[in-house]
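My questions will all concern the structure given below.
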Amino acid sequence: ALAARAGLSVGRLKISVVTTAKYLIPNLLGEFCQAYPNIEPEFQVGNRAEIIQRLKQNLDDLYVFSNPPRELDITTDFITKNPLVVIAKQDHRLKDKQSILWSELHGERLLMREKGSGTRYAIEAFFRQNGMEMQSPITIASNEAIKESVMAGLGISIISQHALSHMALGNLIELPVKDFPIPNSWYWVLPKGKHVSNAAMAFREHVTKGLSSQIAK
Ligand code: PGA
């Protein structure tokens, strides 16, 4: 059935994803391009606010969000989990502690994504819901720059665990802070009623299959 669909799916596939999803989707894109040489994917990456703008203008065939804009008329389908974890430099003073309280980190500089970031949105909601206090953060508008800055000893941060998966081991550590990770997930998002192109459907199925085989490994 997939091959038959591939035959139909000639043309472009425009996908827009939030920045954390770039640790998820490109891994699976290579195989997809091999399986569907007729489909030409075009891949946009932006923060949540930017991808919301694209969604509102109906610019793409498919969207990936972690914190879908539920106030809009959309459909969402779960992809996989995207936990947000506390990270620190490898020689952090609490590196050997088994369980850390957030309050023990309160004196440290917190590096956070920019306003408009879904990661920041989820972190702020989590602190509000749990009545936890957050030090005033320093804003750094990129996951990569945050990782570099944490490694350089500028402070600690809270980022997608998947953003760590391609790092050289040992440069950064995840701190076992009580009540973390912050639960979060990725979703396929489309404006309600939008026709799902064959190419978009094939891509969704490919990603789902790829993820389940990764989990099985
Ligand atoms: P962001 O969104 O790139 O806007 O932080 C990612 C996410 O919500 O996981």
Side-chain angles (χ1 to χ4, degrees), residues 14-29 41-57 59-72 74-87 109-130 132 134-151 154-167 172 174 177 179-191 203-204 207-208 210-211 214-215:
K14 294 175 75 179
I15 310 167
S16 269
V17 309
V18 289
T19 70
T20 55
K22 72 168 178 273
Y23 305 104
L24 178 76
I25 302 285
N27 287 332
L28 302 161
L29 200 58
E42 198 180 304
F43 192 61
Q44 301 281 344
V45 182
N47 73 17
R48 178 175 186 266
E50 289 162 349
I51 304 304
I52 289 175
Q53 285 313 314
R54 295 189 65 89
L55 175 78
K56 280 183 172 169
Q57 295 170 62
L59 294 180
D60 304 292
D61 300 306
L62 194 56
Y63 303 84
V64 176
F65 283 92
S66 262
N67 301 276
R70 309 248 176 223
E71 69 280 10
L72 300 180
I74 55 171
T75 58
T76 61
D77 284 292
F78 174 82
I79 305 174
T80 192
K81 289 183 175 164
N82 174 29
L84 305 177
V85 298
V86 181
I87 60 163
R109 209 181 277 126
L110 178 64
L111 313 183
M112 281 266 269
R113 289 281 306 284
E114 72 285 2
K115 284 201 186 356
S117 150
T119 305
R120 181 173 181 137
Y121 174 92
I123 294 168
E124 287 179 343
F126 173 81
F127 276 81
R128 258 197 321 274
Q129 277 157 20
N130 292 282
M132 287 163 67
M134 194 194 297
Q135 54 270 60
S136 52
I138 293 193
T139 296
I140 298 183
S142 134
N143 299 314
E144 274 63 45
I146 284 179
K147 288 187 283 187
E148 292 294 332
S149 305
V150 171
M151 280 191 273
L154 190 61
I156 56 169
S157 188
I158 305 168
I159 66 170
S160 166
Q161 199 169 38
H162 287 258
L164 302 176
S165 58
H166 304 293
M167 301 271 308
L172 279 180
E174 182 184 327
V177 180
D179 299 324
F180 284 81
I182 300 176
N184 212 9
S185 299
W186 285 294
Y187 300 88
W188 302 116
V189 174
L190 280 173
F203 186 70
R204 278 173 61 148
V207 169
T208 306
L211 287 173
Q214 276 175 15
I215 290 161

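Just follow the structure's listing: the first ligand is 1, and inside any ligand the first atom is 1. These values consider heavy atoms only, across backbone and side chains, with no hydrogens, waters or symmetry-generated copies. We're numbering straight along the sequence, starting at 1.
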If you count the atoms of ligand 1 from 1 in the order shown, which ones are under 4.0 Å from a heavy atom of N47? 3 (O), 4 (O)

Can you find an N/O atom of V18 closer than 3.5 Å to an N/O atom of ligand 1? no

From the options R120, E124, R109, select the one residue that forms a side chain to side chain contact (heavy atoms under 4.5 Å, CB included) with P137. R120

Using the rule side chain to side chain donor-acceptor pair (under 3.5 Å), only one of N184, T20, N82, T119 pairs with S160; which is it? N82

With no hydrogens and no angle check, just 3.5 Å: does a side-chain donor-acceptor pair link D60 and Q44? no

Roughly how far apart are I146 CD1 and R113 CZ, rounded to 0.5 Å? 6.0 Å

Nearest non-hydrogen protein atom to atom 1 (P) of ligand 1, with distance, is G118 N, 3.3 Å

Against heavy atoms of N67, which atoms of ligand 1 measure under 4.0 Å? 8 (O)

Does N47 offer a backbone N or O that forms a donor-acceptor pair with the side chain of E50 under 3.5 Å? yes

Contact atoms of ligand 1, heavy-atom distance to T19 under 4.0 Å: 1 (P), 3 (O)

For N82, which part has a heavy atom under 4.0 Å from ligand 1: side chain, backbone, both, or neither? side chain

Based purely on interatomic distance, does S66 place a nitrogen or oxygen under 3.5 Å from a nitrogen or oxygen of ligand 1? yes

Any N or O of N184 closer than 3.5 Å to N or O of ligand 1: no

Would R113 count as being in polar contact with ligand 1, using the rule that some N or O on each side must be under 3.5 angstrom apart? yes

What are the two closest heavy atoms between L211 and L24, and how far apart are they? CD2-CD1, 3.7 Å

Using atom types as modelled and distance alone, determine if a side-chain donor or acceptor of E148 lies under 3.5 Å from a backbone N or O of E144. no

For atom 9 (O) of ligand 1, closest protein heavy-atom neighbour: T20 OG1, 2.7 Å

